[in-house]
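Read through the structure below, which is laid out as structure tokens, and then see the notes.
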Amino acid sequence: MKILFLGDVMGRAGRRAITENLPRLRETWALDFVVVNGENATSGMGLSGAHAKVLLDAGADCVTLGDHAFDQKDMLQFIEHEPRVIRPLNFSKASPGKGSRLFTTKNGRKVLVMQALGQVFMKRPFDDPFSAVEPVFKTHPLGGQADAIVVDFHCEATSEKMAMGHWCDGRASLVVGTHTHVPTADAMILPGGTAHLSDAGMCGDYNSVIGMEKHEPLRRFITGMPKDRFTPATGEATLSGVYIETDDQTGKATRIEMVRQGGRLQQCGP
Ligand SMILES: [Fe+2]
Ligand SMILES: [Fe+2]
């Protein structure tokens, strides 16, 4: 299977890059399944139902969230009626929606997507993500119930992300980090056959501070004092993420390529 994962869509610039490019990439790269992290697609803070529809209509089969999952209040209701949107497994126990789902592609293949939140350097304490993924692997073994498994691990620290990659090695097709908005350069297939990238980066304008218009973040770093609100940068976005191919029998990864299309970053793709 050919699977594309795109990192955090940031504001209008990120949404525009998705709507203008994803339909073409889906076709050109003959993608079987596309996962898009949408946690910052609405004004950089959360995802509204209307913007979730925009990402799904552009070609995302699944939209994942993150620590900003419910910053847009209408997502609390929207996620109950739209099973293609996934929130973290270890979000608050009272939160609506699901942390994993088994999808069926047009060709009848089964793709399991799950998301977990890390604990290191995160603003709120979340439950242990390493034990959170266990029951999902048990009920949906790779090469059994699931033809491919994608784990979106949403956290700050590269150490925690690499640890999760190794924890899932041999049990997932792909473990990819999100949340930092800056792509890492460590795309690899781990010894057990799981593709790993510590962070997918964001789909947003990189002439910014992690997607926000740069003047206010710079002021806060330099003076220590806030003056204005953060607003998403509006220049041309780079689509940033990772492409994998999986073995049809085992579900393990046979190829991994970093993806950066458009905008300011050095370009790459399959
Ligand atoms: Fe994010
Ligand atoms: Fe986040």
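Both ligands and their constituent atoms are indexed starting at 1 by order of listing. The model shown is predicted, which means the values in this text are computed figures rather than measured ones.
In this structure the side chain of Asn40 never reaches within 4.5 angstrom of the side chain of Val9, judged on heavy atoms. For the pair Val35/Thr64, a side-chain contact is recorded, criterion being any heavy-atom separation below 4.5 Å from C-beta on.
Sorting the N, O or S atoms of His181 by how far they are from the Fe ion (ligand 1) puts NE2 first. The N, O or S atom of His179 with the smallest distance to the Fe ion (ligand 2) is ND1. The Fe ion (ligand 1) sits nearest to atom OD2 when only the N, O or S atoms of Asp8 are considered. Summary: OE2 is the N/O/S atom of Glu39 found nearest to the Fe ion (ligand 2).
A salt bridge is defined here as a Lys NZ or Arg NE, NH1 or NH2 lying under 4.0 Å from an Asp or Glu carboxylate O, and Lys106 with Asp32 fails to meet this definition.
Coordination check, His154 versus the Fe ion (ligand 1): failed, since every N/O/S atom of the residue sits at 2.8 Å or beyond. In summary, Asn40 places an N/O/S atom under 2.8 Å from the Fe ion (ligand 1), meeting the contact criterion. In summary, Asp67 places no N/O/S atom under 2.8 Å from the Fe ion (ligand 1), failing the contact criterion.
Screening Val36, Leu4, Asn21, Leu265 against Leu239 for a side chain to side chain contact (heavy atoms under 4.5 Å, CB included) leaves a single residue, Asn21.
Two rings, from Phe91 and Phe70, have their centers less than 6.0 Å apart.
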Practice problem: Assess whether side chain to side chain donor-acceptor pair (under 3.5 Å) is satisfied between Ser198 and His196, documenting all intermediate values. | Solution: CA-CA 7 Å; Ser198 289; His196 175 80; 3.1 Å; yes

